[in-house]
Amino acid sequence: MSADDWVLHVDLDQFIAAVEVARHPELRGKPVVVGGNGDPSERAVVATASYEAREFGIQSGMPLRTAAKRCPDAVFLPVDKEAYEEVSERVMATLRGFPVVVEVIGWDEAFVGARVADPEALAADIRARVAAETGMSCAVGIGDNKVRAKIATGFAKPGGIYRLTRANWVAVMADRPTDALWGIGRKTAKKLAEAGLTTVRDLGTADPDELAARFGPTMGPWYRLLAQGAGDTEVTATPYLARSRSRETTFQTDLDDRAAVDAQVSALAARVAEDVVGEGRPAVRIGVKVRFKPFLTYTRSLTLPAPTSDPVEIERAALSLLDRFEWTRPVRLLGVRAEFNRDE
């Protein structure tokens with residue numbers, strides 16, 4: 001990269017909630033929660049919450065009933081996937097209107113590769129045009145690679161711009177906890193803490209051989225590089241391809257009969273198989289998720305003998321995974337997932 005080569009990470013603020021507020025302007029400024037059928041008396045989880053709702057401690061993945069207890073005055077809305085996809089496509093089309101390379105990485109985010117002397121000016125132009133053409137607000141992180149640009153967006157939210165590069169990496173990140181890094185979650189951070197590595201500085205200066213011995217020859221050294229801010233600098237315009245397709249169902253009444261569980265998994269597998277066929281790529285791995293009462297979630301998965309789009313094979317694999325669970329509690333949620341080859 002030259003001094004004028006930059007990676008920008010564009011992230012739409014509270015995307016799903018923002019789409020709903022744009023459709024229903026009267027909801028602006030109110031706590032909005034999107035999830036399930038929009039009925040907090042039913043079993044479902046929060047897909048997203050507006051910033052106003054988050055002030056009450058409402059987070060994605062939280063049961064709607066819990067969200068309703070935390071904020072009884074919140075407005076609950078059902079998930080409308082088609083509406084979100086339509087807005088997402090318009091946002092990405094807006095980004096492609098700039099003389100940049102756009103790499104879509106999800107509904108609400110994309111990397112932008114640009115050769116420009118003033119990346120902040122470009123970021124401001126992107127924010128202004130996205131708002132004007134789609135009504136959406138976005139935050140823009142600026143970096144000298146994807147990792148730093150992605151992390152920078154966290155400092156830019158909501159609706160701001162932030163630059164994070166090699167020049168200010170240590171000053172900004174060194175004393176932060178390891179889960180401030182993109183790619184390290186709470187579970188990994190806990191394992192790192194058990195090894196005495198609690199900050200980004202600790203991890204970035206750790207002995208690579210010791211990390212390899214404790215966390216594996218691939219992941220251990222990679223964690224260290226991540227803590228040093230290392231990352232990919234190439235932004236490609238390759239169309240976004242989903243890594244997986246999944247379907248799940250939350251039951252309003254717990255299932256306590258194995259035959260009923262099998263029937264539900266078969267139905268979910270059939271829907272996933274339809275998605276796989278529609279994707280035009282065969283599945284290489286199948287996963288099953290089971291949430292037992294009261295809220296204990298487990299997953300099991302297997303690699304298929306050969307890539308397939310055959311509904312019979314996908315169903316057979318999903319049903320076989322059920323034998324890997326201990327059926328000692330009633331079931332409140334089931335899910336089936338098909339994963340694709342990531343190299344495609």
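As the structure is a computational prediction, the values presented were derived from the model and not from experiment. We count residues from 1, following the sequence as given.
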**OP:** Could you label the plane-to-plane angle of the Tyr84 and Trp107 rings as parallel, tilted or perpendicular, counting under 30° as parallel and over 60° as perpendicular?
**Re:** perpendicular
Original post:
What class does the angle between the rings of Trp327 and Phe292 fall in, given that below 30° is parallel, 30 to 60° is tilted and above 60° is perpendicular?
Top reply: perpendicular
With a 4.0 Å cut-off on N to O distance, would you call [X] and [Y] a salt bridge?
| X | Y | answer |
| --- | --- | --- |
| Asp125 | Arg129 | no |
| Asp80 | Arg23 | yes |
| Glu86 | Arg90 | yes |

Side chains of [X] and [Y]: closer than 4.5 Å at any heavy-atom pair?
| X | Y | value |
| --- | --- | --- |
| Leu321 | Leu302 | yes |
| Val331 | Asp254 | no |
| Val172 | Tyr162 | yes |
| His24 | Val32 | no |
| Leu12 | Glu109 | no |

Original post:
Under 6.0 Å from the six-membered ring centre of Trp6 and within 45° of its axis: does the NZ or CZ of Arg115 meet both?
Top reply: no
Original post:
Quick one: is the NZ or CZ of Arg291 closer than 6.0 Å to the six-membered ring centre of Phe295, and within 45° of its axis?
Top reply: yes
Original post:
Who are the side-chain contact (heavy atoms from CB on, under 4.5 Å) partners of Arg245, not counting sequence neighbours?
Top reply: Lys81, Ala242, Asp275, Glu279, Phe340
Original post:
Hey, what do you get for CG (Asp108) to CE (Met136), rounding to the nearest 0.5 Å?
Top reply: 11.5 Å
